[in-house]
**Q** 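Mind looking over this structure? Questions follow.
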Amino acid sequence: MADFLERADSGSQGIIDELTQGLLARQATISPKYLYDPLGSRLFEAICELPEYYPTRTEAAIFDAHGADIAEAVGHGATLIDLGAGNCAKAARLFPLLKPAQYVPIDISADFLRGAVDSLQRRFPDIAMTALGMDFSSSLVLPDAVRRERRLFFYPGSSIGNFDPETALSFLRRLREANGDLLIGVDLIKDKAVLDAAYDDALGVTAAFNLNLLNHLNALLGADFQLREWRHRGFFHAERSRVEMHLEARRDIVVRWRGGERRFAEGERIHTENSYKYSADGFCDLLRQAGFEPAQRWTDERNPFLVCHARRD
């Protein structure tokens with residue numbers, strides 16, 4: 001059985017304060033980490049299967065095509081630290097190639113992670129596993145149970161795009177300070193129509209994923225959001241080089257929660273996620289600013305996406 005450690009970094013009051021501040025801001029904003037309650041995590045798994053959502057299959061194709069080269073660059077026996085591990089499937093595909101000495105999946109959705117890791121440990125009993133239920137976006141203090149030898153942070157799926165470039169730089173610097181190398185997937189700039197479809201699919205799964213955030217807010221805040229009163233918006237903002245996701249009020253609404261309330265006018269939005277898109281050279285420059293040296297990179301030119309192995313300089 002895998003070891004499992006859970007830590008509430010800021011405590012429930014800290015979460016309530018953060019969410020309240022976001023809801024009362026001039027442009028109401030909620031961090032995308034709150035999209036990933038247990039149901040949100042399952043909905044994101046479904047998104048990854050959609051024909052419109054190219055990042056997961058494109059990244060997987062890069063690993064399939066270049067797996068041997070990636071394994072040679074990374075080497076065997078690493079402490080593989082999987083950031084935002086979810087169902088752990090992306091890392092598990094690499095186990096036969098990378099042969100990690102320890103696997104450390106980290107995810108904010110602790111209950112979802114627990115089930116995934118228990119199943120994975122049965123499949124790979126020879127790999128030591130220490131799962132961490134925690135929010136790594138603002139702090140990355142790892143417990144003593146995580147080996148210090150040959151740490152490799154694995155951050156696939158272009159999740160780095162959820163941070164604005166300045167915050168991404170700070171985050172990458174924290175990884176550098178945690179004494180690890182990096183294997184990261186990054187989505188690249190592409191046609192607006194492709195990006196719009198990927199974040200607003202015809203089946204409406206991404207809409208359900210975004211709207212489920214309101215269920216999570218109801219649970220965390222005791223709020224009275226009604227999902228039928230909101231609609232999903234997802235689109236590429238070319239000038240900012242990012243996809244934006246919002247929840248838009250269908251009519252004038254007053255939302256109340258413990259200790260607060262806000263009136264939303266028809267058409268007013270809650271900003272729930274950004275996904276920044278980079279050029280390959282631009283992202284490698286960001287890595288260098290953070291103290292990493294981009295050692296090798298692999299791309300898919302048909303549907304531009306980058307996988308990069310970066311070492312501490």
Side-chain angles (χ1 to χ4, degrees), residues 1-4 6 32-33 35-68 70-71 74 76 78-136 146 152-162 182-187 198-199 201 203 205-206 208-209 212 275 298 300 303 305-309:
M1 187 69 66
D3 294 329
F4 190 92
E6 185 172 354
K33 66 189 179 187
L35 291 163
Y36 296 93
D37 68 345
L39 178 55
S41 296
R42 290 193 292 273
L43 286 167
F44 185 71
E45 282 188 325
I47 288 171
C48 292
E49 300 295 328
L50 294 171
E52 297 98 330
Y53 193 75
Y54 61 85
T56 302
R57 64 174 177 272
T58 304
E59 185 178 57
I62 292 173
F63 283 122
D64 288 344
H66 303 285
I70 293 170
V74 170
H76 294 167
T79 302
L80 184 63
I81 303 170
D82 188 358
L83 302 173
N87 64 7
C88 305
K90 293 179 180 180
R93 287 169 62 100
L94 300 178
F95 284 177
L97 290 169
L98 302 186
K99 297 180 173 60
Q102 184 185 25
Y103 175 55
V104 184
I106 304 176
D107 202 277
I108 193 171
S109 184
D111 291 340
F112 185 78
L113 179 63
R114 189 188 305 272
V117 176
D118 285 347
S119 175
L120 194 63
Q121 182 73 90
R122 289 191 290 271
R123 288 174 54 200
F124 298 94
D126 295 333
I127 299 176
M129 297 189 186
T130 300
L132 304 178
M134 59 180 279
D135 174 14
F136 61 85
V146 178
L152 176 69
F153 290 100
F154 180 52
Y155 203 28
S158 199
S159 295
I160 190 69
N162 291 153
L182 180 63
L183 183 63
I184 189 168
V186 183
D187 198 14
Y199 290 83
D201 62 277
L203 196 58
V205 182
T206 308
F209 172 65
N212 180 65
S275 183
W298 303 268
D300 185 318
N303 201 356
F305 196 95
L306 171 72
V307 171
C308 184
H309 175 229

**Q** How long is the gap from CD1 on I127 to CG on L98, to the nearest 0.5 Å?
**A** 9.5 Å

**Q** Over all heavy atoms of both residues, which pair between A198 and Y54 is shortest? Give the atoms and the distance, please.
**A**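 The pair with the smallest heavy-atom distance is CB-CE2, 3.7 Å.
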
**Q** Measure the spacing between CG of D82 and CE of M129 and express it to the nearest 0.5 Å.
**A** 10.5 Å

**Q** Are any of the side-chain heavy atoms of V186 and C308 separated by less than 4.5 Å?
**A** no

**Q** Identify, with sequence neighbours excluded, every residue that meets salt bridge (Lys or Arg N to Asp or Glu O under 4.0 Å) alongside K90.
**A**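 Listed in chain order: E59.
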
**Q** Is there side-chain contact between D201 and Y53, with heavy atoms separated by less than 4.5 Å?
**A** no

**Q** Under the rule for salt bridge (Lys or Arg N to Asp or Glu O under 4.0 Å), what residues qualify as partners of D300, not counting sequence neighbours?
**A** R302

**Q** Tell me every residue that passes side chain to side chain donor-acceptor pair (under 3.5 Å) with R57, counting only those two or more places apart in sequence or in another chain.
**A** none

**Q** Looking at side-chain heavy atoms only, is the closest gap between P55 and T58 below 4.5 Å?
**A**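 Counting from C-beta outward, P55 and T58 never come under 4.5 Å.
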
**Q** Testing the basics here: between L97 and A71, what is the closest heavy-atom pair and its distance to 0.1 Å?
**A**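 That closest heavy-atom pairing would be O-CB, 3.6 Å.
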
**Q** Salt bridge (Lys or Arg N to Asp or Glu O under 4.0 Å) with D187: which residues, sequence neighbours excluded?
**A**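 Checked D187 against salt bridge (Lys or Arg N to Asp or Glu O under 4.0 Å); matches are K190, K277.
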
**Q** So do the side chains of P156 and T56 get within less than 4.5 Å of each other, counting heavy atoms only?
**A** no

**Q** Can you list everything that forms a side chain to side chain donor-acceptor pair (under 3.5 Å) with S41? Sequence neighbours excluded, please.
**A**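 Listed in chain order: nothing, the list is empty.
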
**Q** How many angstroms lie between atom CG of L94 and atom CD1 of I70, to the nearest 0.5 angstrom?
**A** 7.0 Å

**Q** List in chain and number order the residues that pass salt bridge (Lys or Arg N to Asp or Glu O under 4.0 Å) with D126, two or more places apart in sequence or in another chain; answer none if no residue qualifies.
**A**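 Applying salt bridge (Lys or Arg N to Asp or Glu O under 4.0 Å) to D126 gives none.
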
**Q** CG/L50 to CG/L203 distance, rounded to the nearest 0.5 angstrom?
**A** 6.5 Å

**Q** By the side chain to side chain donor-acceptor pair (under 3.5 Å) test, which pairs, at least two apart or in different chains, include something from residues 105-114?
**A**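 The answer is none; no pair qualifies.
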
**Q** Would you say L152 and T79 make side-chain contact, with heavy atoms under 4.5 Å?
**A**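 Not in contact.
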
**Q** Indicate yes or no: at least one non-hydrogen side-chain atom of L113 is less than 4.5 angstrom from one of F4.
**A**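 The answer is yes, as the side chains (C-beta and beyond) meet within the 4.5 Å cut-off.
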
**Q** Q102: which residues meet the side chain to side chain donor-acceptor pair (under 3.5 Å) condition with it, sequence neighbours left out?
**A**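 Partners of Q102 under the side chain to side chain donor-acceptor pair (under 3.5 Å) test: T130.
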
**Q** What pairs with Y36 under ring-ring contact (aromatic ring centres under 6.0 Å, His included), at least two apart in sequence or on another chain?
**A** F44, F209

**Q** For F124, give me all partners under ring-ring contact (aromatic ring centres under 6.0 Å, His included), at least two apart in sequence or on another chain.
**A**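 ring-ring contact (aromatic ring centres under 6.0 Å, His included) list for F124, sorted by chain: F95.
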
**Q** Which pairs with one or both residues in residues 95-105 pass salt bridge (charged side-chain N to carboxylate O under 4.0 Å, His left out), sequence neighbours excluded?
**A** none

**Q** When rounded to the nearest 0.5 angstrom, what distance separates CD1 in I108 from CG in D135?
**A** 4.5 Å

**Q** Taking side chain to side chain donor-acceptor pair (under 3.5 Å) as the definition, give me every residue that meets it alongside S158, ordered by chain and number, with sequence neighbours left out.
**A** none

**Q** Heavy-atom distance under 4.5 Å between the side chains of L183 and Y155, does that happen here?
**A**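 Side chain of L183 against side chain of Y155, heavy atoms only: no contact under 4.5 Å found.
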
**Q** Is H309 close to I184 at the side-chain level, that is, under 4.5 Å between some pair of heavy atoms?
**A** no

